[in-house]
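Below you will find the structure I want to go over with you.
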Amino acid sequence: MLIVNAVIKIKPGTEKEFLEKVQPLLKASRNDEGCISYGLYKSAEEENSFMMIEQWTSPEMLDKHTKEPHFIKFGEDAGPLMAAPLDIQTYPVAE
């Protein structure tokens, strides 16, 4: 299993638009092969900061996810709203 934490920092004043654009990604990703869980969480401490916490059955399934149309579209649609590049950390979990 693989855990992914992706920190997303958005530009001030774009939260509503960001949340609208991320919904299709959340819904579709949860149906991707190999997805165990896929959630978005807002920081209680840092303005305009979110974290995507994901669990995947394998690195191969995560790689396949990053090539899905809904993942690519989210990057295109939400990219202009980002205040910084995504900070993505992956952690393999021994089973």
Q.
For the residue pair Ser58 / Glu60, report whether a side-chain donor-acceptor contact shorter than 3.5 Å exists.
A. yes
Q) Backbone N or O of Asp87 within a donor-acceptor pair of the Lys9 side chain at under 3.5 Å? A) no
(Q) Assess the residue pair Val4 and Ile88 against the criterion (side chain to side chain contact (heavy atoms under 4.5 Å, CB included)); give the C-alpha distance rounded to whole Å, side-chain angles, the decisive distance to 0.1 Å, and a yes or no. (A) CA-CA 7 Å; Val4 178; Ile88 302 171; 3.9 Å; yes
(Q) Are there over 12 heavy-atom neighbours, none belonging to Glu33, within less than 6.0 Å of that residue's CD? (A) no
**Q.** Min side-chain heavy-atom separation Leu86-Ile8 under 4.5 Å
**A.** yes
Q.
Quick check for you: to the nearest 0.5 Å, what is the distance between Leu81 atom CG and Lys11 atom NZ?
A. 7.0 Å
Q) Under 4.5 Å between any side-chain heavy atoms of Cys35 and Met61, yes or no? A) no
Q) Same cluster or not: are Met82 and Leu25 linked, directly or through other Ile, Leu, Val, Met, Phe, Trp or Tyr residues, by side-chain heavy atoms under 4.5 angstrom apart? A) yes
Q: Taking all non-hydrogen atoms of both residues into account, name the closest pair between Gly39 and Arg30 and its distance.
A: CA-NH2, 4.1 Å
**Q.** For Phe71, ring pair (Phe, Tyr, Trp, His ring centres under 6.0 Å) partners two or more places apart
**A.** His65
Q: Give me the ring orientation class for Trp56 and Tyr38: parallel if the planes are under 30° apart, tilted from 30 to 60°, perpendicular past 60°.
A: perpendicular
Q. Considering only heavy atoms from C-beta outward, does the side chain of Met52 approach that of Val7 to under 4.5 Å?
A. no
Q: Mind checking the OG1-CG spacing from Thr57 to Leu2? Nearest 0.5 Å is all I need.
A: 9.0 Å
Q. Applying the 4.5 Å side-chain criterion to the ILVMFWY set and letting contacts propagate, would Leu26 and Ile10 be lumped into a single cluster?
A. yes
Q. In chain order, what residues pass the side-chain contact (heavy atoms from CB on, under 4.5 Å) check against Glu47, with sequence neighbours excluded?
A. none
Q.
Between Phe74 and Leu19, is there shared hydrophobic-cluster membership here, with clusters defined by ILVMFWY side-chain heavy atoms closer than 4.5 Å?
A. yes
Q: Examine distances only and state if a side-chain atom of Ser49 and a backbone atom of Glu46 form a donor-acceptor pair shorter than 3.5 Å.
A: no
**Q.** Gap between atom CG of Leu40 and atom CZ of Phe50 - 0.5 Å precision
**A.** 6.0 Å
Q. How long is the gap from CD on Gln89 to CD1 on Ile53, to the nearest 0.5 Å?
A. 12.5 Å
Q. What distance separates Thr14 OG1 from Glu20 CD, expressed to the nearest 0.5 Å?
A. 11.0 Å
**Q.** Contact check, side chains of Lys42 and Glu15, non-hydrogen atoms, under 4.5 Å
**A.** yes
Q: Working to the nearest 0.5 Å, report the span between CD of Glu54 and CG of Asp32.
A: 9.5 Å
